[in-house]
There are 2 protein chains.
Amino acid sequence: MTEQGSPGRSRTGGVRERARAAVMADLLDIAAAHLADQGAADLSLRAIARELGMASSAVYRYVSSRDELLTLLILRAYNTVGEVAEKAHADTVAGGGDPAACWLAVARAIRHWAKAAPHEYALIYGSPVRGYQAPQETVAAAVRLWMVIVRILKDAVLGGTLRPPAHPFQVDGLMSEEVTALAEGFREPPFEDVVVRSLALFASLFGAISAELFGHFVGFGSDEERVFDLTVATAAVGVGLDLPV
Amino acid sequence: MTEQGSPGRSRTGGVRERARAAVMADLLDIAAAHLADQGAADLSLRAIARELGMASSAVYRYVSSRDELLTLLILRAYNTVGEVAEKAHADTVAGGGDPAACWLAVARAIRHWAKAAPHEYALIYGSPVRGYQAPQETVAAAVRLWMVIVRILKDAVLGGTLRPPAHPFQVDGLMSEEVTALAEGFREPPFEDVVVRSLALFASLFGAISAELFGHFVGFGSDEERVFDLTVATAAVGVGLDLPV
DNA sequence: CCGTGTCAAGAGCAATGCTCTCGGTTGCGT
DNA sequence: ACGCAACCGAGAGCATTGCTCTTGACACGG
């Protein structure tokens, strides 16, 4: 962290840095594997070192602390979920789906990923770990999913498929400048409150997956996939999207 | 837990058991305090023993493992949130509020509790801890909140304030028997899909609080309370409740 | 009034995160 | 081409954790 990471003088891709990068990649892969089948709480630097064939102290050359490792894995997870969302969106658009179909596809895709990698999901959308506080890098990655939501809503407005709210919300000056800038196009009626409604989409997705994954919906429905679809669809109705379920 | 609760032979409140109960209460209080300001991950039996003035090994007379302590705290948290919800509901009903106002009040009350006790909230609604699996006892406590939701919806149907869905969902045989039994009264159109829609209410509440508490909405809105209100209200619109925001 | 059962203490084991120091190696600048 | 500085890995070590086992003491109840 001091300055060992970026040698500065050696601008050529030296042999040493290549080796370092390779070890780093191995380390991250092993860590991701451990995370995947044991969870974040049991992630042990010593165990990783063991599997890496190094002394436990040596891994500190690559990662300054356990928390930094977690941060790296968090970043990785955020980017994965961002890619999943973007891919599902692109695929649906390519298949001729309308915005509502897009949102359903994105929601399903993220749920699918979450069920396949529950510990990674929990790492980013569950309780934050120990004294961890999101570094600025993570927010950029985390915003990718929300950007997909905004894009879907924008397409719906432009395509005329977004049902205007029956009871619009008063949202003057509620959202921050950066956010309204990112969501350009939601200023005039009847869609001036869509930006804040997009958060409901986010929250419902997040809440539905967490509830299912963390066991709060156990025993409620026989077909969890359909329960999920309908849960997400209900929230979407409130935003003005009628999902094809 | 075994049979100590029902003394059997010593029907008189024995001195010994009284002392035991007192120590147990102290232990739980200290554990709750540690949980409150350090989080579940840092909860240490040794630290509790220290504060209790006992040897670390002695606490195992009262609690068989760290996980059992966590379970006890989880139970306590579930009951707290259940009480909070029930009280908010009762107060609003007493104040003459309609079902929509009830749901807003309940949602706000739970958010308020969550912000005051974030670690307890995370304990039950965040990522599940280590190898922990919810014992049967916890589900009864966890269901209290959902029962409040169902009651609100039932009152809305009976009072005629629940807007029928524009596009009803096909829900034949989707929900389990116990659940439909608990939510008696949601079988015939146009409200046959309200039970599954109630899960959307749950998920949106859960998702909105988690998102705010775990930092996923940082920098979005200037007034977090109002963002929360509108997020919950959006999902409620999808269920047929128009919250007074 | 004494035996039984409960309690607490202490030592100890296997882990963990992290630090420090010590050689060995590499590679860049002079 | 060489030497020094940076880098890298190993090992020992500290403080901490959960949990177990054994031992001694106390209190309660017959």
Side-chain angles (χ1 to χ4, degrees), chain A residues 1-27 30-31 34-35 38-73 129-132, chain B residues 1-5 7-27 31 34-35 38-73 129-132:
Chain A
M1 263 319 170
T2 61
E3 51 190 340
Q4 125 210 356
S6 52
R9 35 141 140 260
S10 71
R11 46 183 172 48
T12 90
V15 174
R16 210 148 185 174
E17 345 215 341
R18 202 116 62 96
R20 185 185 174 81
V23 173
M24 189 71 189
D26 280 2
L27 196 160
I30 294 176
H34 280 201
L35 170 67
Q38 293 170 353
D42 284 357
L43 199 153
S44 149
L45 285 188
R46 292 182 114 113
I48 293 174
R50 231 154 21 224
E51 192 157 335
L52 215 44
M54 301 198 313
S56 68
S57 56
V59 310
Y60 284 88
R61 299 275 174 196
Y62 298 89
V63 153
S64 73
S65 76
R66 184 176 177 277
D67 275 12
E68 187 183 298
L69 213 202
L70 257 326
T71 299
L72 258 26
L73 293 174
V129 288
R130 292 242 331 206
Y132 167 84
Chain B
M1 271 316 169
T2 60
E3 53 189 340
Q4 129 214 351
R9 33 134 145 256
S10 71
R11 44 181 171 48
T12 94
V15 175
R16 213 150 184 169
E17 347 214 336
R18 202 117 62 97
R20 186 186 174 82
V23 172
M24 190 70 188
D26 280 1
L27 197 158
H34 280 202
L35 171 67
Q38 293 169 353
D42 284 357
L43 199 151
S44 150
L45 285 189
R46 291 181 114 114
I48 293 174
R50 241 168 353 240
E51 192 157 337
L52 215 44
M54 300 198 315
S56 67
S57 55
V59 311
Y60 284 88
R61 296 273 173 194
Y62 299 88
V63 153
S64 74
S65 75
R66 183 177 178 276
D67 275 13
E68 187 183 299
L69 213 201
L70 257 327
T71 300
L72 257 27
L73 293 174
V129 288
R130 287 235 342 201
Y132 167 83

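Each chain gets a letter, A, B and so on, in the order the sequences are listed, and its residues count up from 1.
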Rounded to whole angstrom units, what separation is found between the [atom1] atom of [X] and the [atom2] atom of [N]?
X: B:R61; N: C:dT6; atom1: CZ; atom2: C1'; result: 7 Å
X: A:E17; N: C:dG27; atom1: CD; atom2: P; result: 9 Å
X: B:L69; N: D:dT17; atom1: CG; atom2: C1'; result: 14 Å
X: A:R20; N: D:dC7; atom1: CZ; atom2: P; result: 9 Å
X: B:D26; N: C:dC7; atom1: CG; atom2: P; result: 15 Å
X: B:R18; N: C:dC7; atom1: CZ; atom2: P; result: 15 Å
X: B:E68; N: D:dG18; atom1: CD; atom2: P; result: 14 Å

In 5'-to-3' order, the base (B), backbone-only (S) or no-contact (-) status of each nucleotide in nucleotides 10-20 of chain C, using a 4.0 angstrom heavy-atom cut-off, is B-B---BBBBB
Taking only N and O in the side chain of A:Y62, is any of them less than 4.0 Å away from OP1 or OP2 of D:dC8?
no
Please name the pair of heavy atoms, one in B:L73 and one in B:A31, separated by the smallest distance, quoted to 0.1 Å.
CD1-CB, 4.2 Å
Could you tell me which non-hydrogen atom of A:Y62 sits nearest to which non-hydrogen atom of A:R20, and how far apart they are?
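Smallest heavy-atom distance, with atoms named: CE2-CG, 3.6 Å.
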Are the side chain of A:R66 and the backbone N or O of A:L43 linked by a donor-acceptor pair below 3.5 Å?
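Pair found, side chain donor or acceptor close to backbone of A:L43.
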Just list the side-chain donor-acceptor pairs under 3.5 Å for residues 50-60 of chain B, sequence neighbours left out, or say none.
| unit_1 | atom_1 | unit_2 | atom_2 | d |
| --- | --- | --- | --- | --- |
| B:E51 | OE1 | B:H34 | NE2 | 2.7 |

Using a 4.5 Å cut-off on heavy atoms from C-beta on, say whether the side chain of A:I48 contacts that of A:V63.
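They are not in side-chain contact.
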Got a second to check how far A:L45's CG is from A:E68's CD, nearest 0.5 Å?
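Going from the CG atom of A:L45 to the CD atom of A:E68 covers 10.5 Å.
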